[in-house]
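Along the sequence shown, residues carry numbers from 1. Every value quoted in this text rests on a predicted model; they were computed, and no experiment measured them.
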Amino acid sequence: MNKAKPEFDDFSESYEQLATHPLRDRFASGGSEFFHVRKRDLIRAYFRHRQTDTGKLAYLDLGCGKGELASLLRNDFARVAGCDPSAGMLKAGELVTKGIETRVQDDPGQIPFEGAEFDFVTAVCVFHHVPPLARAALVRESRRVLKPGGTLAIIEHNPYNPITRLLVSRIPVDADAILLRPAETRRLFREAGLTIDDQQYFLYFPASLYRRLSPLESALAKVPLGGQYAVFGRSA
């Protein structure tokens, strides 16, 4: 999970410890990598379904934190970049050594790249840290950096999942979180001029069961009970 606020500089060295909880740890035995891998696989499946060769595309992870997702996808795209308001988180991720371009967001509401630079932009667990009245502007800013026909993916905690709500209320790094319902996310896309291309719920099963039950999780993608959800939207 990433947080789009500069005070995450204070958490850059202890983020993993502050984001832990016994329930979360049991769900993802072995650490948080499972959550990042699931998102990577969801993104790969999205482009595979559309028969799109991502090896020719430019990708930006907005609010990338330490860059776990960008690192997992760095070989999938021709260009991979990340930005975050927290210079401390970017430094702790050592992304430059992995060939990932990084820039600090001096203003959390502004993306420090030129317009129409990217084919794909993700915002992973960022918007629940953005004040509700500022969310529409950040979606418009995300669309600004998309090339025509580019895709924005917002991945968020699912407020309809009671365990997710419990974890968010107990984890220190989510102290200011205001969760977005999927309907709000879709509305933000439409208001920014993005066409909804896909929506999926995921994280139904813990890491210990996922390999065996992944076909079932795929079948449940439209049932609004997964721990998180993803909305994909395309610019005109």
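- No more than 12 heavy atoms of other residues, nucleotides or ligands lie within 6.0 Å of NZ in Lys91, so this atom counts as exposed by the packing criterion.
- In summary, Arg135 and Glu184 engage in a salt bridge, as defined by a charged side-chain N under 4.0 Å from a carboxylate O.
- Centroid-to-centroid, the aromatic rings of Tyr210 and Phe205 stay 6.0 Å apart or farther.
- The OH atom of Tyr160 lies 11.0 Å from the CG atom of Leu179; values are rounded to the nearest 0.5 Å.
- Exactly one residue among Arg234, Arg50, His49 makes a side chain to side chain contact (heavy atoms under 4.5 Å, CB included) with Asp198. That residue is Arg50.
- Crowding of Arg44 atom CZ: a count of heavy atoms from other residues, nucleotides or ligands under 6.0 Å exceeding 12.
- Between Glu217 and Arg38 there is a salt bridge, with a side-chain nitrogen of the basic residue lying less than 4.0 Å from a carboxylate oxygen of the acidic one.
- For the residue pair His129/Asp174, the side-chain donor-acceptor check at 3.5 Å is satisfied.
- Between Lys147 and Glu117 no salt bridge is recorded (no basic side-chain N to carboxylate O distance below 4.0 Å).
- Within a 6.0 Å radius of NZ in Lys56, other residues, nucleotides and ligands contribute 12 heavy atoms or fewer.
- A side-chain hydrogen bond (donor to acceptor under 3.5 Å, both in side chains) with Tyr59 is found for exactly one of Asp119, Thr54, Thr122, namely Thr122.
- To the nearest 0.5 Å, atom CZ of residue Arg48 and atom CG of residue Asp41 are 8.0 Å apart.
- Between Glu94 and Lys98 there is no salt bridge, since no side-chain nitrogen of the basic residue lies less than 4.0 Å from a carboxylate oxygen of the acidic one.
- Counting non-hydrogen atoms of neighbouring residues, nucleotides and ligands closer than 6.0 angstrom, the CZ atom of Arg165 reaches no more than 12 such neighbours.
- Residues Lys39 and Gln228 have side chains that bring a donor and an acceptor to within less than 3.5 angstrom of each other.
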